[in-house]
Asker: 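Supplied in structure tokens, the structure appears directly below.
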Amino acid sequence: MKKNKKILVTAALPYANGPIHLGHLAGAYLPADIYVRYQRARNRDIIFICGSDEHGVPITIAAERQNVTPQAIVDKYYQIHKDSFEKFGIQFDNYSRTSLKIHHKMSQDIFLKLHGKGYLSEKTTTQFYCEHCDRFLADRYVEGICPFCNHEGARGDQCESCGRSIDQIELIEPHCVTCGNKPVIRETSHWFLNLKHYQHQIRDYLDKQNHWKENVKNFCYGWLNTGLEDRAVTRDLKWGVPVPLPGYEDKVLYVWFDAPIGYISSTIEWSQKIGQPEKWKDYWLDKETRLIHFIGKDNIVFHAIIWPLILMGHGDYVLPSDIPANEFLNLEGNKLSTSKNYAVWLDEYLAKFPPDPLRYCIAVNAPETKDSDFSWKDFQTRNNSELADILGNFVNRTLTFVNKNFDSKIPEAGELDALDQKMLTRIRKTPNRVGNFLENFEVRKALTNLMDLARFANKYFNDQTPWSTIRENPEKCKTTLNICCRVCKSLAILMQPFLPFSAEKLWSILNQEGVVSDCQWDDAAEADFPPGFTINSTAILFEKIEDDQIQPEIDKLKNIIAKRSTEDQPEVSKNNLISYDEFSKVQLRVARVLEAERVEKADKLLKLKIELGDETRQIVAGIAPYYQPSELVGKLIVVVANLEPAKIRGIESNGMLLAASLDDRSRLALVTVDSDITTGAKIK
RNA sequence: CGCGGGGUGGAGCAGCUGGUAGCUCGUUGGGCUCAUAACCCAAAGGCCGGAGGUUCGAAUCCUCCCCCCGCUACCA
């Protein structure tokens with residue numbers, strides 16, 4: 001890349017309704033921070049922009065549940081996020097928020113511009129409207145009886161009981177979540193982004209991004225190939241950026257539309273803060289700027305398809321030049337879940353451990369090409385056997401040696417032997433090697449190369465046996481230690497993007513002026529000291545982490561998993577007794593399978609035609625993973641004959657077959673009868 | 001079913017523009033003693049999910065299949 005280009009780095013705006021967890025860090029913030037710190041050390045013109053995303057329905061719901069204003073919710077999390085990032089060493093140039101005026105204005109301007117240029121079109125849809133609350137109900141604001149499973153309290157987007165997604169209009173006995181009244185169906189109009197019409201423009205743009213990661217491009221092409229649908233950019237809601245059009249006073253911009261605009265408004269806020277209010281234009285209006293969005297893979301569609309189209313539609317701004325989206329980080333083999341509290345929260349982590357071991361662990365195991373896993377055991381091992389034993393211990397053995405044997409003065413080098421030369425060459429080559437990987441967003445490889453320098457240095461120390469040469473050949477010993485000290489200084493500079501806190505600590509032990517983060521990357525290649533330079537006394541760079549420190553964390557996560565699986569089956573575990581009357585309501589009968597076939601687009605469902613006495617019925621059963629359709633035909637099974645009919649995937653099901661299964665569903669066996677009895681026979 | 005990602009020594013991964021399989025951790029044996037019981041050396045351990053095919057030659061390219069994960073979906 002051209003060295004003089006301006007670089008504008010953004011990290012996905014975190015949603016202000018919950019704390020930051022490991023997945024967020026691994027996906028976006030940490031790789032972005034490492035990249036930016038590195039580029040700063042290279043003296044590039046770079047800014048790092050972020051902020052919190054503070055609009056949208058989930059925030060209004062959280063506010064109502066807690067009986068506070070949405071503003072109070074976002075204020076709280078804005079502060080938590082900001083603090084956590086700071087303590088974790090994520091150095092944004094600006095951390096803004098989308099509830100600011102400046103952002104509202106910017107979003108409205110862009111909306112109007114797109115509106116004026118024909119990128120938006122108005123469409124009318126039907127939605128529930130609560131006359132009591134005087135507002136349209138977003139999907140999650142309306143509850144009712146699930147049309148599929150009759151579960152009460154299903155929400156307008158999805159039924160928690162059967163898991164199916166619901167069109168809110170389909171809910172039986174719908175009621176407004178806030179006031180309980182029955183809503184009416186009303187027409188409402190919204191503006192849609194004409195994605196369908198402009199998809200060729202997007203494809204052309206994507207075709208040019210040859211340097212993007214393959215997973216990002218593939219993902220986008222997948223979307224394009226199935227065809228894009230227009231997306232609503234406005235919503236019937238009060239919390240958000242008001243739609244700047246007459247007749248739309250009670251509507252706001254859909255949160256996904258205004259959120260990425262936050263990158264621009266945050267940059268504007270930054271330039272105002274530094275007293276150069278026009279400075280933001282140097283980045284956003286210069287087509288040569290490299291605009292780099294660090295995001296998680298869940299955000300690819302917005303940043304690689306929709307957002308570029310918004311920018312193209314507007315016309316003035318630079319388009320994203322890189323979107324190094326990461327995959328997901330799992331936790332102890334399971335998916336992270338904010339709603340189920342299955343996560344390691346950054347603020348909680350920071351209350352117990354220092355930032356750098358986590359930065360290291362996540363960076364060295366970053367989900368760059370595929371999902372990766374974080375486990376506390378691995379965290380401990382990486383900290384103890386890598387950070388402490390290899391990096392920390394090398395620094396410690398070197399500096400302790402100098403303190404004890406050379407009165408804390410770095411000795412001067414004499415004649416160099418082959419090994420010394422080799423070590424020096426290594427020092428010279430490592431900065432560029434590490435740097436090149438970082439330029440390509442390959443954080444793992446970069447970090448591995450840094451650690452290799454420390455590994456090599458340990459070998460060098462061993463092979464030169466300074467503890468012997470101090471007596472037998474003091475000159476040689478001095479040379480060895482001089483070079484080892486240079487390794488330490490070099491390490492401090494190279495560590496800085498990854499392990500900023502430890503890097504500064506080492507920097508001050510080495511008695512260097514200022515902070516390492518002001519240091520030039522290339523200085524790591526020489527890293528020499530003036531003659532007679534004195535260092536400070538040493539301190540441990542990385543403390544070991546003991547079993548009893550991580551065990552509570554492991555147990556905590558295990559408990560959440562255990563709890564989750566018992567909660568899934570509350571009725572069964574209650575062990576309640578029922579009366580005979582209750583039992584007799586259930587009509588169990590013998591039936592014979594006449595036909596069986598798979599249900600299209602459903603991996604678990606089979607459609608069965610069964611003979612039940614005189615009648616023939618159709619039922620749908622979720623047993624496809626366990627039985628082939630062909631092996632079922634002719635089998636005698638037991639069905640619940642008086643279960644009310646249900647539509648499953650649009651297919652009528654009149655009854656339910658019985659089957660035994662293990663809790664984890666690893667096995668399932670049909671209930672059948674012992675001898676060939678007439679179908680329709682009752683089971684009592 | 002559809003889309004996407006993946007299956008490589010005990011664990012976690014690299015290699016995948018083809019040419020006798022590599023890294024880190026762990027294990028075993030040895031060395032050293034300056035150092036956070038750290039460091040260094042050596043060894044054991046993989047027929048690279050399965051079956052075909054292309055090729056002088058494939059973990060690496062093509063085809064089919066199996067399995068895992070995510071999205072989608074899903075009444076035991």
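Below, chains carry the letters A, B, ... as their sequence lines are ordered, and counting in each starts from 1. These values consider heavy atoms only, across backbone and side chains, with no hydrogens, waters or symmetry-generated copies.
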Asker: Mind checking what makes side-chain hydrogen bond (donor to acceptor under 3.5 Å, both in side chains) contact with A/Asn432, not counting sequence neighbours?
Answerer: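 If we apply the side-chain hydrogen bond (donor to acceptor under 3.5 Å, both in side chains) test to A/Asn432, skipping adjacent residues, the hits are A/Arg42.
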Asker: Just to verify, what does A/Asp417 make a salt bridge (Lys or Arg N to Asp or Glu O under 4.0 Å) with, not counting sequence neighbours?
Answerer: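 With neighbours one apart ignored, the set is A/Lys476.
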Asker: What residues, two or more places apart in sequence or in another chain, satisfy side chain to side chain contact (heavy atoms under 4.5 Å, CB included) together with A/Asp452?
Answerer: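 So A/Asp452 forms a side chain to side chain contact (heavy atoms under 4.5 Å, CB included) with A/Arg426, A/Thr448, A/Arg455.
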Asker: Thinking salt bridges, do A/Asp356 and A/Lys505 make one under a 4.0 Å N-O criterion?
Answerer: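 No salt bridge links A/Asp356 with A/Lys505.
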Asker: When the P atoms of B/U28 and B/C34 are compared, how many Å lie between them, rounded to an integer?
Answerer: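 Each nucleotide's P atom is 26 Å from the other's.
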Asker: Salt bridge (Lys or Arg N to Asp or Glu O under 4.0 Å) with A/Asp207: which residues, sequence neighbours excluded?
Answerer: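 A/Asp207 satisfies salt bridge (Lys or Arg N to Asp or Glu O under 4.0 Å) with no residue once adjacent residues are dropped.
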Asker: What pair of heavy atoms forms the shortest contact from A/Cys477 to A/Pro466, and how long is it?
Answerer: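 Looking at all heavy atoms of both residues, the shortest contact is SG-O, 3.6 Å.
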Asker: For the P atoms, the ones on B/U60 and on B/A51, what distance do you get once it is rounded to whole angstrom?
Answerer: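 It works out to 12 Å between them.
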Asker: Output all residues satisfying salt bridge (Lys or Arg N to Asp or Glu O under 4.0 Å) with A/Asp389, sequence neighbours left out; order by chain, then residue number.
Answerer: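 Salt bridge (Lys or Arg N to Asp or Glu O under 4.0 Å) list for A/Asp389, sorted by chain: A/Lys544.
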Asker: Using atom C1' in both nucleotides, what's the gap between B/A58 and B/G15 to the nearest angstrom?
Answerer: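 Their C1' atoms lie roughly 13 Å apart.
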Asker: Working to the nearest 0.5 Å, report the span between OG1 of A/Thr479 and CG of A/Asp420.
Answerer: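 Interatomic distance, A/Thr479 OG1 to A/Asp420 CG, rounded to 0.5 Å: 6.0 Å.
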Asker: Could you name each residue pair satisfying salt bridge (charged side-chain N to carboxylate O under 4.0 Å, His left out) that touches residues 462-472 of chain A, not counting sequence neighbours?
Answerer: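 Of all non-adjacent pairs touching residues 462-472 of chain A, those that pass salt bridge (charged side-chain N to carboxylate O under 4.0 Å, His left out) are A/Lys459-A/Asp463.
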Asker: May I ask you to decide whether A/Glu553 forms a salt bridge with A/Lys352, counting only side-chain N to carboxylate O separations under 4.0 Å?
Answerer: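 Between A/Lys352 and A/Glu553 there is a salt bridge, with a charged N closer than 4.0 Å to a carboxylate O.
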Asker: Between B/G70 and B/C32, how far apart are the C1' atoms? Round to whole Å, please.
Answerer: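 My reading of the C1' atoms in B/C32 and B/G70 gives 50 Å.
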Asker: For B/G7 and B/C75, measure between their P atoms and round to the nearest Å.
Answerer: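 Comparing P positions in B/G7 and B/C75 gives a spacing of 32 Å.
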Asker: Please list, in numerical order, the residues of residues 477-491 of chain A that have a heavy atom closer than 4.0 Å to any atom of RNA chain B.
Answerer: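 By residue number: none to list.
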Asker: What integer number of Å spans the C1' atoms of B/A11 and B/G26?
Answerer: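 Those two atoms are separated by 7 Å.
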Asker: Check the interface with nucleotides 34-43 of chain B: list each N/O to N/O pair with the protein under 3.5 Å, or write none.
Answerer:
residue, atom, partner, partner atom, Å
B/C34, O2, A/Arg397, NE, 3.2
B/C34, N3, A/Arg397, NE, 3.3
B/C34, N3, A/Arg397, NH2, 2.6
B/C34, N4, A/Arg397, NH2, 2.9
B/A35, OP1, A/Lys404, NZ, 2.6
B/A35, O3', A/Asn396, OD1, 3.0
B/A35, O2', A/Asn393, ND2, 2.5
B/A35, O2', A/Asn396, OD1, 2.9
B/A35, N1, A/Arg397, NH2, 3.4
B/A35, N3, A/Asn393, OD1, 3.1
B/A35, N3, A/Arg397, NE, 3.2
B/U36, N3, A/Phe542, O, 2.7
B/U36, O4, A/Phe542, N, 3.1
B/U36, O4, A/Phe542, O, 3.2
B/A38, O2', A/Asp389, O, 3.4
B/A38, O2', A/Asn393, OD1, 2.5
B/A38, O2', A/Asn393, ND2, 3.3
B/C39, O2', A/Arg397, NH1, 3.0
B/C39, O2', A/Asn462, OD1, 2.5
B/C39, O2, A/Asn462, ND2, 3.2
B/C40, O4', A/Asn462, ND2, 2.8
B/C41, OP1, A/Lys459, NZ, 3.4

Asker: Taking the C1' atom of each, how far is B/C68 from B/G31, in whole Å?
Answerer: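 B/C68 and B/G31 have their C1' atoms separated by 44 Å.
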Asker: Using atom P of each nucleotide, how far apart are B/A42 and B/C13 to the nearest Å?
Answerer: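 After rounding to an integer number of Å, I get 27 Å for this pair.
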Asker: Only counting residues at least two apart or in another chain, list the ones meeting salt bridge (Lys or Arg N to Asp or Glu O under 4.0 Å) with A/Asp322.
Answerer: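 Listed in chain order: A/Arg290.
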Asker: Taking the side chain from A/Glu368 and the backbone from A/Val443, do they hold a donor-acceptor pair closer than 3.5 Å?
Answerer: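 Yes, the answer is positive, given that a donor and an acceptor are paired below the 3.5 Å cut-off.
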Asker: What string of B, S and - do you get for nucleotides 7-15 of chain B 5' to 3' if you count protein non-hydrogen atoms under 4.0 Å?
Answerer: S----SSS-
Asker: Pairing of RNA chain B as dot-bracket, 5' to 3': ( ) intra-strand, [ ] crossing, | other strand, . unpaired, with Watson-Crick or G-U pairs under 3.5 Å?
Answerer: .(((((((.[[[[.)...(..]]]].(((((.......))))).....[[[[[..)....]]]]])))))).....
Asker: Could you state the interatomic distance from CG (A/Asn396) to CG (A/Leu391), rounded to the nearest 0.5 Å?
Answerer: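 So the gap between those two atoms works out to 11.5 Å.
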Asker: Please state how far atom CG in A/Leu331 lies from atom P in B/G70, giving the value in whole angstrom units.
Answerer: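 My rounded result for the distance is 14 Å.
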Asker: Which residues pass the side chain to side chain contact (heavy atoms under 4.5 Å, CB included) test with A/Asn403, sequence neighbours left out?
Answerer: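 Residues passing side chain to side chain contact (heavy atoms under 4.5 Å, CB included) with A/Asn403: A/Ser408, A/Ile535, A/Thr538.
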